[in-house]
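Below: the structure, in structure tokens.
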Amino acid sequence: MPVLYDRLLKLKEMFNSKFGSIPKFYVRAPGRVNIIGEHIDYCGYSVLPMAIEQDVLIAVEPVKTYTLQLANTNPLYPDFSTSANNIQIDKTKPLWHNYFLCGLKGIQEHFGLSNLTGMNCLVDGNIPPSSGLSSSSALVCCAGLVTLTVLGRNLSKVELAEICAKSERYIGTEGGGMDQSISFLAEEGTAKLIEFSPLRATDVKLPSGAVFVIANSCVEMNKAATSQFNIRVMECRLAAKLLAKYKNLQWDNVLRLDEVQAKLGISLEEMLLVTEDALHPEPYNPEEICRCLGISLEELRTQILSPNTQDVLIFKLYQRAKHVYSEAARVLQFKKICEEAPENMVQLLGELMNQSHMSCRDMYECSCPELDQLVDICRKLGAQGSRLTGAGWGGCAVSIVPADKLPGFLANVHKAYYQRSDGSLAPEKQSLFATKPGGGALVFLEA
């Protein structure tokens with residue numbers, strides 16, 4: 001905690017020089033690393049993340065005016081000011097302050113409030129941005145907790161997580177809820193199996209003889225600015241509808257791949273066999289999807305596709321469904337191995353992480369050459385398993401490394417990936433660190 005205490009003191013000084021007053025309270029929300037279970041939360045399946053020590057901190061002072069003033073300790077993020085009663089979120093530009101506004105608006109709408117008090121907020125964060133460690137969701141969660149505290153209202157952690165998951169969609173990202181859930185439900189010293197509908201979290205004890213190491217590929221990926229993420233969400237939705245139709249289920253109200261499995265009452269392994277029978281590996285075009293479902297192109301565009309996927313011409317339904325069902329099974333196997341703790345558990349968990357990366361790379365196509373190279377380097381230099389974490393298309397890899405090999409591993413990966421002869425990697429982006437499961441979001445009152 002001493003590091004956090006120093007940051008709070010520094011934040012207080014900066015707040016005072018910015019606004020000429022002292023904050024009334026501070027809110028912290030952590031980033032996270034997803035150990036296994038990529039791109040399946042929005043399909044209804046459980047994931048296995050842990051909070052990291054890096055976080056977003058906000059110093060807050062409620063004010064009598066109806067003005068919301070936001071400032072950031074990082075000069076790259078410009079100040080922003082708006083009326084607290086007229087929150088507008090511009091989906092076309094995922095600017096930093098819009099993530100704050102998402103959290104604020106979510107709480108405001110939950111309580112049906114038209115008038116919000118103004119506040120001065122200074123934001124500080126040490127989660128590398130666009131790295132797949134949930135810096136944007138941590139800001140949404142932090143802003144939600146700030147707004148709740150200013151209003152003097154109470155909500156459970158689960159309610160907060162659900163509200164913030166929903167409100168982040170104001171920015172145009174169709175995410176599933178993992179990032180917000182772990183930010184609120186995390187506990188120090190344990191990873192969590194996060195299950196959805198209803199949202200709940202179960203402790204997963206990680207092996208004591210291994211550490212998880214995060215390595216940033218230094219390729220930035222901004223989820224809301226790319227259509228790739230939303231195309232994957234839609235491909236999964238379309239795959240679910242075609243699988244339901246193939247099995248003579250009522251397909252029109254099916255939205256997620258887990259619903260098909262639940263309606264059929266079969267295992268994930270059996271769902272993989274159904275996928276083999278029902279879908280073909282060649283990409284589908286909109287016309288073929290319409291033929292399969294017996295609908296018109298107009299119905300597909302207006303009733304099923306989201307505005308940002310209406311112009312997509314190819315959909316890889318077989319590959320996406322295969323990834324989701326196999327990844328959902330890997331999450332459950334991972335948890336089982338952690339519970340049973342066999343002697344070779346680190347090796348077994350590593351194998352699952354390797355399979356996960358292969359599936360993300362080949363079936364979900366959400367990796368990139370730099371991430372693949374980084375994952376290979378980590379495996380060659382002593383990781384038992386390594387995979388991309390977060391949405392992908394850049395960002396970070398997470399590796400499971402035997403504890404006794406950690407110092408050598410860090411030094412060798414640093415040399416092999418970051419100290420390139422061409423000096424192409426900017427030093428401030430070089431993030432390579434071992435991490436322990438951290439705690440969840442908190443409010444600190446000014447003493």
Side-chain angles (χ1 to χ4, degrees), residues 11 14-15 18-29 56-125 129 134-155 159-175 177 179-180 183-184 222-225 230 306-308 441 443:
L11 198 55
M14 290 177 81
F15 188 97
K18 178 85 191 167
F19 297 112
S21 51
I22 299 293
K24 287 284 177 289
F25 65 91
Y26 305 83
V27 172
R28 167 192 187 267
V56 168
L57 272 180
I58 305 182
V60 188
E61 178 196 25
V63 291
K64 296 273 191 287
T65 65
Y66 290 107
T67 304
L68 168 68
Q69 290 202 80
L70 299 179
N72 199 303
T73 58
N74 185 334
L76 288 175
Y77 302 119
D79 292 1
F80 176 77
S81 171
T82 187
S83 159
N85 298 330
N86 184 26
I87 301 299
Q88 304 289 326
I89 298 169
D90 184 353
K91 280 187 181 184
T92 61
K93 298 191 189 78
L95 299 167
W96 79 273
H97 62 256
N98 282 331
Y99 290 97
F100 185 99
L101 298 179
C102 283
L104 176 101
K105 191 174 172 182
I107 297 295
Q108 183 185 14
E109 291 190 346
H110 177 79
F111 289 110
L113 303 172
S114 49
N115 279 350
L116 267 189
T117 175
M119 48 183 147
N120 295 333
C121 298
L122 180 60
V123 177
D124 180 57
S134 280
S135 56
S136 50
S137 297
L139 180 51
V140 174
C141 293
C142 222
L145 192 46
V146 162
T147 310
L148 188 72
T149 309
V150 164
L151 291 171
R153 302 284 184 111
N154 285 314
L155 286 171
E159 287 171 312
L160 266 168
E162 291 185 319
I163 291 165
C164 289
K166 208 165 75 189
S167 69
E168 191 165 332
R169 294 178 195 144
Y170 294 137
I171 205 114
T173 311
E174 298 286 335
D179 303 345
Q180 301 80 5
S183 197
F184 285 114
N222 188 323
K223 234 178 6 202
N230 290 334
S306 54
N308 48 19
V443 178

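Both backbone and side-chain heavy atoms feed into the values below; hydrogens, waters and symmetry mates do not. Note that this is a predicted model, so its numbers are computed, not measured.
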Quick check for you: to the nearest 0.5 Å, what is the distance between Thr67 atom OG1 and Asn120 atom CG? 9.0 Å
So, taking the atom named OG in Ser183 and the one named CZ in Arg28, what distance separates them when rounded to the nearest 0.5 Å? 8.0 Å
Would you mind reporting whether Phe15 and Ser21 have side-chain heavy atoms less than 4.5 Å apart? yes
So which atom in Gly177 and which in Ala165 form the shortest heavy-atom distance, rounded to 0.1 Å? CA-CB, 3.8 Å
Non-hydrogen side-chain atoms of Gln180 and Ser167 separated by less than 4.5 Å: no
Trp96 side chain near Leu70 side chain, heavy-atom distance below 4.5 Å: yes
Heavy-atom side-chain proximity of Leu68 to Phe100 below 4.5 angstrom: yes
Looking only at non-hydrogen atoms, find the nearest pair between Cys142 and Val56 and report the distance. SG-O, 3.5 Å
Do Asp90 and Gln88 meet the criterion of a side-chain donor-acceptor pair at a distance under 3.5 Å? no
Stepwise, does the side chain to side chain contact (heavy atoms under 4.5 Å, CB included) test hold for Phe80 with Asn72? CA-CA 9 Å; Phe80 176 77; Asn72 199 303; over 6 Å; no
Does a donor on one side chain sit under 3.5 Å from an acceptor on the other, for Asn85 and Ser83? no
Rounded to the nearest 0.5 Å, how far apart are CG of Leu145 and OH of Tyr26? 15.5 Å
Before giving the answer on side chain to side chain contact (heavy atoms under 4.5 Å, CB included), spell out for Val60 and Thr149 the whole-Å C-alpha distance, their side-chain angles and the decisive distance to 0.1 Å. CA-CA 10 Å; Val60 188; Thr149 309; over 6 Å; no
Between atom CG of Asp179 and atom OG of Ser136, what is the distance when rounded to the nearest 0.5 Å? 7.0 Å
Side-chain donor-acceptor distances from residues 101-119 under 3.5 Å, at least two apart:
{"residue": "Gln108", "atom": "NE2", "partner": "Leu113", "partner atom": "O", "Å": "3.3"}
{"residue": "Glu109", "atom": "OE1", "partner": "Tyr170", "partner atom": "OH", "Å": "2.4"}
{"residue": "Thr117", "atom": "OG1", "partner": "Val63", "partner atom": "O", "Å": "2.9"}

Between Leu11 and Ile58, which heavy-atom pair has the shortest distance, and what is it? CD2-C, 4.3 Å
Hits for salt bridge (charged side-chain N to carboxylate O under 4.0 Å, His left out) against Lys18, two or more places apart or cross-chain, chain-then-number order -> Asp79
